[in-house]
*Asks:* 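The structure's right below; bear with me while I get my questions together.
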Amino acid sequence: MGDPISSIGNWLESILLGWGLPAGLVSAILALLGVVVLCSFLLILDIALVWVERKVVARFQDRLGPNRLGPFGLIQPVADIIKLLIKEDITPLGADKVIYNLAPIMSLATVLLLWAVIPLAPTMLGADVNIAVLFIVAVGALGSLGVIMAGWASNNKYALLGAFRSVAQIISYEVPMVIALLIPVLLARSMGLQAIVGAQDVWFIFLAPLAAVIFFISAIAELGRAPFDINEAESEIVAGFHIEYTGMKFGLFYAGELLHALTVSALLSTLFLGGWRGPFAEQVPLLGVFYLLAKAFIIYYVIMWVRYSFPRLRIDQMLGFSWKFLTPLALVLLIVTAILDKLLVGVSQPVYAGSMLAANVIIALATIQLLRSYAQLRRKRFPDDRPVATAPEADFKELVVQE
Amino acid sequence: MVMQIIFMIVAVLTLGSAVMVVTVRNLVHAALWLILALLGVAITFALLNAPFFTVVQVVIYIGAISILMIFAIMLTRRVKQDTGRSVNPGWWLAAFLSLVLFAGLLWMFSTWSGFSTTLPELPAGVDQVRELGVALVSPNGYVLPFEVASVLLLAAMIGAIVVAWERKS
């Protein structure tokens with residue numbers, strides 16, 4: 001009741017065993033089926049994401065968005081896919097063919113790989129490994145490899161520049177991300193995601209709001225979305241690492257990017273927002289899937305909100321923000337959380353949660369105060385530092401070609 | 001049986017990629033083959049029931065070291081197509097030495113009793129990662145080597161900062 005996936009699994013298992021297949025083969029077949037079902041579900045969700053993304057950006061920019069095909073333009077993504085499929089597939093001259101074709105697959109497959117460890121419901125989980133948090137970091141590294149391969153194999157300078165920027169960004173934002181990931185691990189006493197969800201009687205966002213914010217920012221940087229989208233900055237390097245890709249190969253990058261955003265949202269919900277937890281989720285596991293996706297879509301909306309509200313950062317600002325601000329903050333946060341956790345052994349849960357929250361608020365206020373005094377100091381030292389748009393000195397009338 | 005077949009495939013993949021690393025002309029291809037070889041080592045760890053080492057192998061060797069190598073190689077685009085000889089005149093000495101080393105290792109392992117002893121089963125419900133973590137910081141375990149390695153890494157980091165420091169004259 002309420003758990004159709006497990007029932008179907010058990011039913012199939014009994015049928016296959018009834019045919020006289022060995023038990024090892026049966027579990028292998030069931031695992032394969034599970035992978036196919038999960039990946040198909042995610043890729044179909046991905047098609048819907050195209051519509052969501054276009055519709056939401058349209059609302060942010062005071063437009064209507066796709067509204068011609070079907071009600072509310074719902075069939076538009078299907079038309080987009082048909083267009084991508086029938087476009088000419090171009091491989092640029094001098095491209096490294098194998099790597100060039102491998103890169104889009106890498107970038108989508110690594111995103112799908114992340115779902116192997118995300119618990120969808122109390123009974124639905126790909127692999128309950130006890131190192132799931134490290135697994136996320138490892139797969140993220142493989143994802144950046146796809147970007148490098150695309151940038152290098154395209155035999156295009158813009159693509160290479162995009163890959164450079166992307167790598168610099170991912171390497172620097174991995175540091176605060178890993179430190180922020182350590183905090184839920186520390187609070188749950190486990191690196192397994194199911195255990196982390198199980199430990200969130202109080203959602204970790206209330207125990208460690210700053211860690212959630214740091215994880216959120218560095219995840220957006222790893223996604224390469226605005227304001228961190230310098231790896232595909234249109235005004236500077238045209239389209240960055242995927243400049244040479246056409247048709248469905250570009251489609252794979254696009255789908256990978258959208259699905260990555262949703263995956264990161266699901267991860268954030270799992271780590272900080274209680275994952276599948278919600279009323280009656282333990283009794284009816286399908287509700288757990290619903291809760292997880294609902295939380296993930298709320299975070300996804302916030303990611304889009306950030307994307308369409310902030311201008312793009314310069315590369316030095318972006319790297320400085322990671323190394324000079326996020327990394328020290330994450331380190332301080334980790335040390336404070338660890339010490340406080342040791343000091344608060346044996347206190348009741350409300351006291352524990354309250355002290356953790358208070359510590360986070362104090363650190364946040366201190367950070368803001370530090371930033372403010374630094375800005376004042378800087379303003380005093382360099383009063384003319386702020387670049388002001390001035391009128392050009394040359395008289396441009398002379399430059400106009402006389403006819 | 002199935003495990004042994006998988007192990008053989010992974011071993012061939014790892015060794016084959018390792019050979020490709022030193023034989024291909026294109027430096028970026030060599031780096032990518034190196035990644036495949038390191039991934040093969042990670043899969044071997046997984047086959048040995050050591051998930052922590054699997055993931056750490058991927059995070060450190062593929063995620064950090066190989067990507068930095070590719071980064072450095074891509075910055076020097078000219079040398080990616082090297083046309084010179086790939087062996088130097090002393091190659092036979094190196095081949096001889098590695099053969100001797102391999103034979104020595106083979107002899108040592110053939111007399112080692114570790115292969116025939118069956119390892120004790122881990123009691124159920126033991127978190128391997130937690131046990132490893134406790135062993136690394138407990139005074140009865142490996143706290144001294146662990147701390148020495150940490151100090152070494154810290155020194156290397158400070159050294160890198162000093163090298164990169166822009167001195168104001």
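Just so it is clear, the structure is predicted and the values come from calculations on it, not from any experiment. Atom set for the values below is all heavy atoms of this structure, side chains included, hydrogens, waters and symmetry mates excluded.
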*Asks:* Where on B:Leu32 is there a heavy atom nearer than 4.5 Å to chain A: the side chain, the backbone, both, or neither?
*Replies:* side chain

*Asks:* Please classify the contact of A:Ile171 with chain B as side chain, backbone, both or neither, using a heavy-atom distance under 4.5 Å.
*Replies:* side chain

*Asks:* Relative to chain A, which segment of B:Leu39 carries a heavy atom at a distance below 4.5 Å: side chain, backbone, both, or neither?
*Replies:* neither

*Asks:* Using heavy-atom distances under 4.5 Å, tell me whether A:Leu142 contacts chain B through its side chain, its backbone, both, or neither.
*Replies:* side chain

*Asks:* When the ring centroid of B:Phe146 is compared with that of B:Tyr142, is the distance short of 6.0 Å?
*Replies:* no

*Asks:* Given a strict heavy-atom distance threshold of 4.5 Å, which part of A:Ile170 is in contact with chain B: side chain, backbone, both, or neither?
*Replies:* neither

*Asks:* Quickly, which of A:Leu113, A:Thr263, A:Leu267 forms a side chain to side chain contact (heavy atoms under 4.5 Å, CB included) with A:Ile136? Name it, please.
*Replies:* A:Leu267

*Asks:* Would you mind reporting whether A:Glu244 and A:Tyr158 have side-chain heavy atoms less than 4.5 Å apart?
*Replies:* no

*Asks:* Are A:Val133 and A:Ile196 close enough that some pair of their side-chain heavy atoms sits under 4.5 Å apart?
*Replies:* yes

*Asks:* When the ring planes of B:Phe109 and B:Trp112 are compared, do they come out parallel, tilted or perpendicular, using 30° and 60° as the limits?
*Replies:* perpendicular

